Participant: 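Below: one structure in structure tokens.
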Amino acid sequence: MKIGFGYDVHKLVKGRKLMLGGIHIPFNKGLIGHSDADALIHAIIDSLLGAANLGDIGIHFPDTDEAYKNISSAILLEKTKLLLQKSRYKIINIDATIVLEKPKLTTYIVDMKEIIADKLDITSTQISIKATREEGMGFVGNGEGIKVFAVCLIEESNI
């Protein structure tokens with residue numbers, strides 16, 4: 001078995017949709033990035049790629065490639081699943097923590113888990129997603145951005 005760790009951070013700006021876990025979260029700001037800037041999915045991708053020793057999201061989906069401009073990160077997650085399968089790994093579990101001041105995410109977490117599970121061909125019970133605040137401290141606490149931490153466990157597969 002192998003463990004992987006992922007981290008992503010994006011700035012919140014007006015004029016962008018807030019996408020997290022493949023869900024559009026109604027809010028007056030969104031995350032800036034080359035793709036849809038879904039920090040949750042990006043951190044999960046990096047944890048999976050790291051566990052499989054396949055590099056990181058920037059190697060496979062560079063922000064210099066126009067093919068990935070404004071792409072849904074859910075598509076990148078599906079492509080990551082294929083990379084894992086090609087390397088003969090299967091996912092045991094994923095645990096992620098989203099750090100943001102606003103908005104509250106409680107009502108969206110079940111849907112996020114379902115979307116991520118669907119894209120990875122695993123069950124939603126293999127995914128844990130939590131959200132927390134920084135109590136007004138730092139750039140996240142000031143509402144300037146979002147950061148996400150993710151860990152995963154994978155194992156070699158006979159598939």
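Each residue takes its place number in the sequence, starting with 1. If you're wondering where the values come from, they're calculated on a predicted model, not measured in any experiment.
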Participant: Kindly write out the residues that satisfy side chain to side chain contact (heavy atoms under 4.5 Å, CB included) with Ala117, not counting sequence neighbours, or none if the list is empty.
Facilitator: Ile122, Ser124, Ile127
Participant: Got a sec, which residues hit side chain to side chain contact (heavy atoms under 4.5 Å, CB included) with Phe5, two or more places apart in sequence or on another chain?
Facilitator: Tyr7, Phe149, Val151
Participant: Do Thr80 and His60 touch side chain to side chain, with heavy atoms closer than 4.5 Å?
Facilitator: no
Participant: Any side-chain heavy atom of Leu18 sitting closer than 4.5 Å to one from Leu31?
Facilitator: yes
Participant: Does atom CG of Asn53 have more than 12 heavy-atom neighbours, drawn from other residues, nucleotides or ligands, at distances under 6.0 Å?
Facilitator: no
Participant: Stepwise, does the side-chain contact (heavy atoms from CB on, under 4.5 Å) test hold for Met112 with Ile98?
Facilitator: CA-CA 12 Å; Met112 289 178 192; Ile98 305 165; 4.3 Å; yes
Participant: Once rounded to the nearest 0.5 Å, what's the spacing between atom CD of Glu135 and atom CE of Met137?
Facilitator: 6.5 Å
Participant: Which pair of heavy atoms, one from Cys152 and one from Ser47, lies closest together, and at what distance?
Facilitator: SG-O, 3.3 Å
Participant: Supply the atom-to-atom distance Met19 CE to Ser72 OG, rounded to the nearest 0.5 angstrom.
Facilitator: 6.0 Å
Participant: Do Val99 and Ile23 sit in the same hydrophobic cluster, where Ile, Leu, Val, Met, Phe, Trp and Tyr count as joined when their side-chain heavy atoms come under 4.5 Å apart?
Facilitator: no
Participant: Taking all heavy atoms of Lys119 and all of Lys81, pick out the closest pair and write down the distance.
Facilitator: O-CD, 3.4 Å
Participant: Any non-hydrogen side-chain atom of Glu114 less than 4.5 Å from a side-chain atom of Asp118?
Facilitator: no
Participant: Is there a donor-acceptor contact under 3.5 Å from the side chain of Ser87 to the main chain of Tyr89?
Facilitator: no
Participant: Among the clusters formed by ILVMFWY side chains lying less than 4.5 Å apart, do Ile45 and Leu83 turn up in the same one?
Facilitator: yes
Participant: So which heavy atom on Ala37 is nearest to which on Arg16, and how close?
Facilitator: CB-NH2, 4.0 Å
Participant: Are Leu48 and Leu120 side-chain neighbours, meaning at least one heavy-atom pair lies under 4.5 Å?
Facilitator: yes
Participant: Taking transitive links into account, so neighbours of neighbours count too, which hydrophobic residues share a cluster with Val110 at under 4.5 Å side-chain distance?
Facilitator: none
Participant: Please name all residues satisfying salt bridge (Lys or Arg N to Asp or Glu O under 4.0 Å) with Asp95, sequence neighbours left out, ordered by chain then number.
Facilitator: Lys130
Participant: Output all residues satisfying side chain to side chain contact (heavy atoms under 4.5 Å, CB included) with Lys11, sequence neighbours left out; order by chain, then residue number.
Facilitator: Val13, Ile32
Participant: So Leu77 and Asp38, do their side chains get closer than 4.5 Å, heavy atoms only?
Facilitator: no
Participant: Would you give the length of the straight line joining atom CD1 of Ile57 to atom CG of Asp63, rounded to the nearest 0.5 angstrom?
Facilitator: 10.0 Å
Participant: So, do His24 and Asp36 sit near enough that their side-chain heavy atoms are less than 4.5 Å apart?
Facilitator: no
Participant: Out of curiosity, Leu105 CG to Leu100 CG, how far, rounded to the nearest 0.5 Å?
Facilitator: 5.0 Å
Participant: Assess the residue pair Lys90 and Leu84 against the criterion (side-chain contact (heavy atoms from CB on, under 4.5 Å)); give the C-alpha distance rounded to whole Å, side-chain angles, the decisive distance to 0.1 Å, and a yes or no.
Facilitator: CA-CA 7 Å; Lys90 71 176 184 176; Leu84 287 175; over 6 Å; no
Participant: Under the criterion side-chain contact (heavy atoms from CB on, under 4.5 Å), I'd like the reasoning laid out for Ile146 against Leu20: C-alpha separation, chi angles, the key distance, then a yes or no.
Facilitator: CA-CA 10 Å; Ile146 291 175; Leu20 287 170; 4.3 Å; yes
Participant: Would you give the length of the straight line joining atom CZ of Arg88 to atom CD1 of Ile154, rounded to the nearest 0.5 angstrom?
Facilitator: 13.5 Å
Participant: If every non-hydrogen atom of Ala131 is compared with every non-hydrogen atom of Ile109, which pair is closest and at what distance?
Facilitator: N-CD1, 4.5 Å
Participant: Transitively linked via ILVMFWY side-chain contacts under 4.5 Å: Ile41 with Leu54?
Facilitator: yes
Participant: Using side-chain heavy atoms (C-beta onward) and a distance below 4.5 Å, is Ile25 in contact with Tyr108?
Facilitator: yes
Participant: If every non-hydrogen atom of Glu134 is compared with every non-hydrogen atom of Val140, which pair is closest and at what distance?
Facilitator: OE1-CB, 3.6 Å
Participant: Sequence neighbours excluded, which residues qualify as salt bridge (Lys or Arg N to Asp or Glu O under 4.0 Å) partners of Glu156?
Facilitator: none
Participant: Please round to the nearest 0.5 Å and tell me the distance separating atom CG of Asn70 and atom NZ of Lys17.
Facilitator: 10.5 Å
Participant: Are any of the side-chain heavy atoms of Ile116 and Ile129 separated by less than 4.5 Å?
Facilitator: yes
Participant: Taking all atoms of both residues into account, what is the closest heavy-atom pair of Lys2 and Ala51, and its distance?
Facilitator: CD-O, 3.1 Å
Participant: Give the C-alpha distance, both sets of side-chain angles, the deciding distance and a yes or no for side-chain contact (heavy atoms from CB on, under 4.5 Å) between Val9 and Phe139.
Facilitator: CA-CA 11 Å; Val9 61; Phe139 75 92; 3.4 Å; yes
Participant: Under 3.5 Å, is there a donor-acceptor pair between the side chain of Asp56 and the main chain of Gly58?
Facilitator: yes
Participant: Look at the side-chain heavy atoms of Ile, Leu, Val, Met, Phe, Trp and Tyr, link any pair under 4.5 Å apart, and say whether Val148 and Ile115 land in one connected group.
Facilitator: yes
Participant: Checking the side chain of His34 only, and the main-chain atoms of Asp65 only, is there a donor and an acceptor separated by less than 3.5 Å?
Facilitator: yes
